[in-house]
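Step one of this worksheet: look at the structure below.
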Amino acid sequence: MTEPRLITVLGATGSIGKSTLDVIARHPDRYRVFALTANRSVDCLAAQCREHRPRYAVVADVAAGAALKAALGEGTTEVLTGPEALVAVASASEVHSVMAAIVGAAGLLPSLAAARAGKRVLLANKEALVMSGRLFMDAIATSGAELLPIDSEHNAVFQCLPPRTAAGLEAAGVARITLTASGGPFRNTPLADLERVTPAQAVAHPNWSMGRKISVDSATMMNKGLEFIEACWLFAARAEQVDIVIHPQSIIHSLVSYADGSTLAQLGHPDMRTPIAHALAWPARIDSGVELLDLVQVGRLEFHAPDETRFPCLALARAAWAAGGGATAVLNAANEVAVEAFLAGSLGFTGIARLVEATLDRCGHLPAAGIESVLAADAEARQRAREWLARKAA
Ligand code: NAD
Ligand code: MG
């Protein structure tokens with residue numbers, strides 16, 4: 001009997017973090033929690049610590065540390081605070097796997113630290129890869145880390161690809177990767193009404209239950225734009241090798257087509273515990289708590305081409321990828337500012353794409369050669385985006 005693997009869950013209190021702990025709790029013989037982290041959700045993190053008894057609990061927000069210490073008292077779990085502590089628990093030598101499930105750019109440094117430390121990186125934090133794809137993929141290759149995608153589409157592609165694609169997709173006979181997209185809650189909303197949709201409508205995703213930021217990204221389809229960039233990095237794909245198709249039922253999570261005309265797809269209920277269990281146990285298979293699919297009950301699967309007039313964020317993401325350098329970090333930063341403003345009620349829904357486009361025009365040329373320049377592009381894009389918002393409000 002081998003020792004249980006020690007796991008760090010970055011972003012434990014979020015939607016992916018909770019699903020990860022649900023899967024881990026089903027397999028106490030295989031997995032044990034080393035560290036749990038959150039931004040500042042003290043009550044939720046404290047409850048998770050009582051259940052999973054990690055060695056460390058980290059809150060990024062230093063001010064929340066005292067409240068967490070008070071909630072936990074003296075016990076098995078040591079409380080740490082601040083961004084350096086996130087990096088420390090992501091790269092500690094005892095840790096086997098790191099679930100990278102912090103939302104947004106805040107996840108970049110700890111996710112990258114796990115990659116550099118040679119961990120099995122379970123990557124949900126797609127923004128980290130969008131910001132710093134080359135650095136991230138180089139870190140994985142140099143350290144010998146294992147990168148397993150958690151995003152359901154990329155996890156599906158990973159499952160449908162042959163085991164070795166190091167010589168390139170074509171050499172492996174792969175002709176095309178197709179990412180599926182639900183189309184979100186506004187797939188059929190009249191275009192003229194999009195300006196007035198509310199945050200509550202935008203976060204009500206028809207198929208998936210997710211955090212607020214990714215839910216808004218799904219509604220604008222920026223999520224699929226970020227995922228297109230993510231796929232290009234993860235699978236060393238060229239832009240023309242990655243297709244996007246709307247599939248409203250979210251049952252087929254993505255597909256890989258081969259030179260001989262075969263297309264392989266991965267199917268399942270829209271429940272993130274399936275890709276999480278796949279990545280935790282790979283190449284083994286373990287119970288995730290998700291029911292098997294009943295195709296007769298599903299009945300019908302539909303597919304449509306995405307409408308880029310309705311979803312301009314798709315074209316913006318493709319343009320940022322084509323521009324290269326720091327453009328994708330700028331795209332991501334502008335989008336984070338825009339989504340925050342939309343959720344706060346200070347920017348209309350269609351303003352999200354306008355703000356991202358204006359920011360890309362302004363600073364899409366910035367470089368991204370090393371981590372400092374990636375962070376500088378991120379900071380400058382945020383500043384320009386906030387200035388745009390301030391001008392609009394004036
Ligand atoms: P969420 O908002 O539910 O949770 C985010 C987590 O990150 C929380 O634990 C929060 O405390 C932590 N966090 C937020 N800001 C932080 C900061 N500044 N410093 C440290 N920690 C911080 O988000 P989610 O839906 O779980 O998504 C997490 C990531 O996974 C995102 O990158 C998202 O794109 C990706 N993802 C999510 C899903 C899904 O179904 N939810 C699917 C695919 C990919
Ligand atoms: Mg996805």
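Counting starts at 1 for both ligands and their atoms, in listed order. Any value given below was found using the heavy atoms of this structure, including those in side chains, with hydrogens, waters and symmetry copies removed.
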Practice task
Examine Arg196 relative to Phe349 and say whether NZ or CZ is less than 6.0 Å from the centre of the six-membered ring and inside a 45° cone about the ring axis.
Solution key: no
Exercise for the section: Using 2.8 Å as the cut-off, note every protein N, O or S atom close to the Mg ion (ligand 2). Expected result: Asp151 OD1, Glu153 OE1, Glu227 OE2
Practice task
For residues Phe186 and Phe311, establish whether the separation of their ring centroids is below 6.0 Å.
Solution key: no
Handout entry: Side-chain donor-acceptor pair present, His205, Ser182, cut-off under 3.5 Å
Key = yes
Problem - Salt-bridge contact Glu240-Arg318 (side-chain N to carboxylate O under 4.0 Å) - result: no
Handout entry: Arg310 atom CZ: more than 12 heavy-atom contacts under 6.0 Å
Key = yes
Handout entry: Approximate separation, where rounding is to 0.5 Å, of Arg55 CZ and Phe34 CZ
Key = 5.0 Å
Completion exercise
When rounded to the nearest 0.5 Å, the distance separating NZ of Lys126 from CG of Leu234 is 11.0 Å
Exercise for the section: Answer yes or no: does atom CD of Glu302 have more than 12 heavy-atom neighbours from other residues, nucleotides or ligands under 6.0 Å? Expected result: yes
Practice task
Could you verify whether a donor N or O on one side chain and an acceptor N or O on the other, from Asp378 and Asn332, lie under 3.5 Å apart?
Solution key: no
Pairwise, report which nitrogen or oxygen atoms of ligand 1 are under 3.5 angstrom from protein nitrogen or oxygen atoms, and how far apart they are.
residue  : atom   : partner : partner atom : Å
ligand 1 : 3 (O)  : Ser15   : N            : 2.9
ligand 1 : 9 (O)  : Gly11   : O            : 3.3
ligand 1 : 9 (O)  : Thr13   : N            : 3.3
ligand 1 : 9 (O)  : Thr13   : OG1          : 2.7
ligand 1 : 9 (O)  : Gly14   : N            : 3.1
ligand 1 : 11 (O) : Thr13   : OG1          : 3.3
ligand 1 : 11 (O) : Asn39   : N            : 2.9
ligand 1 : 25 (O) : Gly211  : N            : 2.8
ligand 1 : 26 (O) : Ser15   : N            : 3.1
ligand 1 : 26 (O) : Ile16   : N            : 2.9
ligand 1 : 30 (O) : Ala124  : O            : 3.4
ligand 1 : 32 (O) : Glu127  : OE1          : 2.6
ligand 1 : 41 (N) : Ser15   : OG           : 3.3

